[in-house]
Number of protein chains: 2
Amino acid sequence: MKVTINDIARAANVAKSTVSKVLNDAPTISEATKAKVRAIMQEMNYEPSSLATQLARQKGYNIALIIDLSRTGDFLNASFYDIIGGVESVIGPRGYELTISNMQHIGRERFVSRFAIGRKADGLIMDNSILTPELARELNERNFPYIVIGEYPGVPANQCVDIDNARGSVMLVEHLLAQGYQSPAFVGGESGEPLYETRLEGFRQSLDSVRDEFIRPGYANEANGRRLTRELLKETERPDAIVCMSNLVAYGVLQELQEQGIAVPEEMGIATFDNIPLAPYTTPPLTCVDMDTFALGAAAGNMLMARLEESAVEEVQAPSWVKPRLVARRSTERQA
Amino acid sequence: MKVTINDIARAANVAKSTVSKVLNDAPTISEATKAKVRAIMQEMNYEPSSLATQLARQKGYNIALIIDLSRTGDFLNASFYDIIGGVESVIGPRGYELTISNMQHIGRERFVSRFAIGRKADGLIMDNSILTPELARELNERNFPYIVIGEYPGVPANQCVDIDNARGSVMLVEHLLAQGYQSPAFVGGESGEPLYETRLEGFRQSLDSVRDEFIRPGYANEANGRRLTRELLKETERPDAIVCMSNLVAYGVLQELQEQGIAVPEEMGIATFDNIPLAPYTTPPLTCVDMDTFALGAAAGNMLMARLEESAVEEVQAPSWVKPRLVARRSTERQA
DNA sequence: TTGAAAGCGATACCAC
DNA sequence: GTGGTATCGCTTTCAA
């Protein structure tokens, strides 16, 4: 049925070990033999069994990306394709494959044994929302290569990648200041949520001082964008720009300002995290920091490759912070 | 180092074949032995090597989803997570894994041999944009299990899944008619593009007659939404509703109508394909047909499983058309 | 019920 | 340069 290395060996009248060497282009084999064997492989339409190769080599060349489909609205959701693309772009050329594993079907208990012990994968990539302290500990104990998207307590710094969210805030604020705005507010996001805290911290850092009333947390949706803006406008001291936790928030903010007859960008600037497809089409178009999720995936892939292909043990290095990209649009256009 | 089936056999003082049988819960093994062996496996933290199992069984339990990262703006892009989720939800419980393979790293020539001959995967799922006539032919010749998202000439009907786009048009039009609109136009989409043709056909079918001027094709973006609407409004005979090829088109249409002072939904209804996150938040919110991409993935998974686990050869059945979901919002709210 | 031995399809070491 | 053979870790007859 299927043609194996033995068939080739027989047909070429050489030992199977020779065929194997030809397969791997070993320098000890004469060009003549190589040519002969290759011709036969071609002719017989031979393709080595990856399973057998992997078993013999004791290496699967397989990276697993763990997701949890039981939870919806996962961070990964929107940018999944980009992240996968990023990971693929670095592991693919090195001969690794990417497999998607759903935690739902694994079960947290069997998780470590499946992967770390069963060596179903050579390395793991996962979102920090999937990790638990025990999981991290077990993985660490076994010294199993894994990379976490986002920081997580107990995970070594050189195994974390993340978008530099604090930096995103800084970029947004610096852009606003450069445009002549002076007192931005921060709208949306829930206290305690790490993403929010990080962004808020960056926001605070890039300003000399921030009035407490200018920080308006709330679940990041359109309704809250509107409501929080309404509240903000009631203050005696008003901000002259608003940094938003997400496009949805920004959209709410924009609508509320329009209804109240406040001109954007003249009277109030709007700058926001994320860059969904509609952002360029609002009136005015929204200034965003674009989270480069492809780069994020690529960074994760790189870290993992470094870990897997290190010959010597590498010294611990910093986590990989992917720099966001500022997309300036009309909602903050007020050249001084 | 790693504990194998031999270690267990030795420790339990049984043959390795016995351990194997315990692993697979064979009925010929006494409960007593099973218990004993299992205890030892537990204790020694044993996990079978999937590689070895797969080689022995000659089956990898692996489904590959082929993508082409070299082309951007792929259809998959936006709904990738959902599609993967759908596929996973049906193959995961059956013990299959999903691996993502980038065509870019494979090369069209090596493609068939890699997968079909090398049996890297037991089955393939791919977008029709990736297929070529030769590829389809080769896969067919080798009788290799594959499912295509979207139709493709030469691919058997029972290997295709797609969103029922014609049906989507019908749903949109029927909704409009039910709301009292009488002469809808169709805006956006490029002639020749299969997706457009299918939707347009559904549109035409659900109406007694359509004026030619009411069909306004054009690359589906916001700018064209505006432009085409402008043109539409210049006609002596105006439509009273607009079906849009995409949310972006709809957004353009909406803006143009607003600028021209035409009331939505009173004077003109808007209904559109797709349902991006911002659709509920436009003013007024947009009526959409939501393409259920999770169901699409699930359908693909089901077809493949049927193909892989069929005992007898199955008779050819129809392709799987996933029904879209109508989300009625204010942009078409004009109860008669 | 259990065990021994022959695969599965490659790799790798060591002679020749 | 090339060939023989053990090995990777599990499954699967076939005997006992």
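Numbered from 1 within each chain, the chains take letters A, B, ... in sequence-line order.
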Just the endpoints, please: which first and last nucleotides of DNA chain D, 5' to 3', lie under 4.0 Å from a heavy atom of chain B? D:dG9 to D:dT13
Which part of the nucleic acid, if any, lies within reach of B:Thr28 when heavy atoms closer than 4.0 Å are counted: base, sugar-phosphate only, or nothing? base
So does B:Ser17 reach the base of C:dA4 with its side chain, donor to acceptor, closer than 3.5 Å? yes
Any side-chain N or O of A:Asn6 under 4.0 Å from OP1/OP2 of C:dA10? no
Figure out the NZ/C1' separation between A:Lys59 and C:dA10, and round it to whole Å. 17 Å
Rounded interatomic separation in angstrom, taking NZ from B:Lys34 and C1' from C:dT2: 13 Å
Assess whether salt bridge (Lys or Arg N to Asp or Glu O under 4.0 Å) is satisfied between B:Arg38 and B:Asp25, documenting all intermediate values. CA-CA 10 Å; B:Arg38 286 195 181 120; B:Asp25 203 19; 3.0 Å; yes
Rounded to the nearest angstrom, tell me the gap between atom NZ in A:Lys2 and atom C1' in C:dA10. 10 Å
Answer whether the closest heavy-atom distance between the side chains of A:Ile63 and A:Leu124 falls below 4.5 Å. no
No-hydrogen, no-angle side-chain donor-acceptor test under 3.5 Å, A:Asn62 and A:Glu97: no
Show your working on salt bridge (Lys or Arg N to Asp or Glu O under 4.0 Å) between A:Asp7 and A:Lys2 and close with a plain yes or no. CA-CA 9 Å; A:Asp7 304 324; A:Lys2 189 171 179 295; over 6 Å; no
Does B:Gln58 make a side-chain N or O approach to OP1 or OP2 of C:dG7 shorter than 4.0 Å? no
Would you say A:Ser20 places a side-chain N or O within less than 4.0 Å of OP1 or OP2 belonging to C:dT11? yes
Whole-Å distance between C:dT1 P and B:Lys21 NZ? 12 Å
Measure from the side-chain heavy atoms of B:Lys16 and tell me the nearest of C:dA6, C:dC8, C:dT11. C:dA6
Check whether any side-chain N or O of B:Thr33 sits under 4.0 Å from OP1 or OP2 of C:dT2, and answer yes or no. yes
Look up atom CD in B:Glu138 and atom OG1 in B:Thr132, then write down how far apart they are to the nearest 0.5 Å. 8.0 Å
Whole angstroms only, please: what is the CZ-C1' distance between A:Arg57 and C:dC13? 16 Å
Measure the acute angle between the ring planes of A:Phe80 and B:Phe80, then classify it against the limits of 30° and 60° as parallel, tilted or perpendicular. tilted
Looking just at side-chain N and O atoms, do B:Thr53 and B:Ser50 make a donor-acceptor pair shorter than 3.5 Å? no
Upstream residue (5' side of DNA chain D) when B:Val19 and A:Pro27 are each assigned their closest nucleotide: A:Pro27
